[in-house]
Undergrad: 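I have a structure I would like to understand better, so I am pasting it below and will then ask my questions one at a time.
Naming convention: chains lettered A, B, ... in sequence-line order (proteins, then strands); numbering from 1 in each chain. Values below: every heavy atom of this structure, side chains too, minus hydrogens, waters and symmetry copies. What you see is a predicted model, and the numbers here were worked out from it, not measured in a lab.
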2 protein chains.
Amino acid sequence: MKLNTKSRYAVMALADMAVFSNDKAVSLRDISLRQGISLLYLEQIFLRLKKNNIVKSVRGINGGYILVKSPKELKISDILLALDQKVKTIGCKKDSKKSCNGKSTKCITHNFWDELDIHINSFFENKKLSDLLKSREARI
Amino acid sequence: MKLNTKSRYAVMALADMAVFSNDKAVSLRDISLRQGISLLYLEQIFLRLKKNNIVKSVRGINGGYILVKSPKELKISDILLALDQKVKTIGCKKDSKKSCNGKSTKCITHNFWDELDIHINSFFENKKLSDLLKSREARI
DNA sequence: AAAAACTTGACTATTTTAGTCGGGTATATA
DNA sequence: TATATACCCGACTAAAATAGTCAAGTTTTT
């Protein structure tokens, strides 16, 4: 049960931007160096973040990426969604004999999986990017 | 971000046992038929559950498996642990330049991953097998 | 003009997952 | 005591997902 690296790196990279941008575009090269993430991989990740309107890009020299929303408004769930990291942890067997349609026929564990989803989802829904930085500042 | 089928099936199978055993051993064949899970796969799963003292086995005709603890006492986290399903969702990069050792040097997102782990872990820690059945009975 | 930086699709090696297979051993019951 | 039922266990494998890399651009600033 784990988050994939794309999602993890996305959160790390965006947190990095929130810390190190001074209202300027942040280049992937800088993020790559600071966070130790492959530049080529970051490009792939930011393509998705851009398509999903999490960041916008500035081309050319001194270019880079800028957060569309402020860290206070950017939910972690938005980031995960952009990377297709569905927080739907697991379903129940659909193709068993006594198949579970989720309504009239529910398998024994159906409600449990639903609760698990809600539990995890709400965590990501309620966390903002700025929340990650707060605990960082508290440490410094 | 999802649970693997081994863990999912383990929870389903144990819930099945809790419902259908009448203080008798439940055979994997019966679980397999009721839950639509491959018998061979169930054997593999129950091997681990037995090694980790979640179930005990009765060999021979009319044999099967019996829950070691009552459903009221069996935590879901115990089940997942038996299947090596570490609930440690993700760590931070250990091998980056400014590596995170978790103590004096922490990466920006370190505390966030820790919180996530705690959040999910506590869900599994606080759920008992009997809790799954309760919501089932409420539906019937 | 040249360099920095984003753009994009395609490709690939490795790992994980989700099982299957084969050949056991133990035991209740006829 | 024969035999069917059911657990025991390591090894194997096909398919999917993961974690990237590569190539060949385009755009913009200096």
Undergrad: For the pair A:Asp78 and A:Lys69, evaluate salt bridge (Lys or Arg N to Asp or Glu O under 4.0 Å) and give the outcome as yes or no after the intermediate values.
TA: CA-CA 11 Å; A:Asp78 292 335; A:Lys69 293 180 183 177; 3.6 Å; yes
Undergrad: Give the rounded distance in Å between these two atoms: CD1 of A:Ile45 and P of D:dT21.
TA: 11 Å
Undergrad: Write down the distance between CZ (A:Arg59) and C1' (C:dT8), rounded to a whole number of angstrom.
TA: 10 Å
Undergrad: Rounded to the Å, how far apart are A:Asn62 CG and D:dT30 P?
TA: 6 Å
Undergrad: Does A:Ile118 offer a backbone N or O that forms a donor-acceptor pair with the side chain of A:Ser122 under 3.5 Å?
TA: yes
Undergrad: Taking NZ from A:Lys50 and P from C:dG9, how many angstroms apart are they, rounded to a whole number?
TA: 12 Å
Undergrad: Which heavy atom in B:Ser27 sits nearest to a heavy atom in B:Gly63, and how many Å separate them?
TA: CB-O, 3.9 Å
Undergrad: Which sits closer to the 5' end of DNA chain C, A:Lys51 or B:Val58, going by the nucleotide each is nearest to?
TA: A:Lys51
Undergrad: May I have the distance from B:Glu43 (atom CD) to C:dG24 (atom C1'), rounded to whole angstrom?
TA: 12 Å
Undergrad: So what does B:Tyr65 touch, heavy atoms closer than 4.0 Å: a base, only the sugar-phosphate, or nothing?
TA: sugar-phosphate
Undergrad: So, does A:Ser38 get its side chain near the phosphate of D:dG20, meaning an N or O under 4.0 Å from OP1 or OP2?
TA: no
Undergrad: Between the side chains of A:Glu73 and A:Lys128, is the shortest nitrogen-to-carboxylate-oxygen separation below 4.0 Å, so that they form an ion pair?
TA: no
Undergrad: Per the atom types in the model, does the base of D:dT21 pair as donor or acceptor with the side chain of A:Gln44 at under 3.5 Å?
TA: yes
Undergrad: Below 4.0 angstrom from OP1 or OP2 of C:dA5, is there any side-chain N or O of A:Ser57?
TA: no
Undergrad: Roughly, in whole Å, what's the span from CG in A:Leu47 to C1' in C:dA5?
TA: 14 Å
Undergrad: Nearest to the B:Tyr9 side chain among D:dG20, C:dC6, C:dG19, which nucleotide is it?
TA: C:dG19
Undergrad: Look at A:Ser27 and C:dC6 and indicate whether a side-chain polar atom (N or O) is within less than 4.0 Å of OP1 or OP2.
TA: no
Undergrad: What integer distance in Å separates B:Lys2:NZ from C:dA18:C1'?
TA: 11 Å
Undergrad: Step through it carefully: locate the ring centre of B:Phe46, locate the ring centre of B:Tyr9, and say whether they are under 6.0 Å apart.
TA: no
Undergrad: From CD1 of A:Ile61 over to C1' of C:dA5, roughly how many Å is that when rounded to an integer?
TA: 8 Å
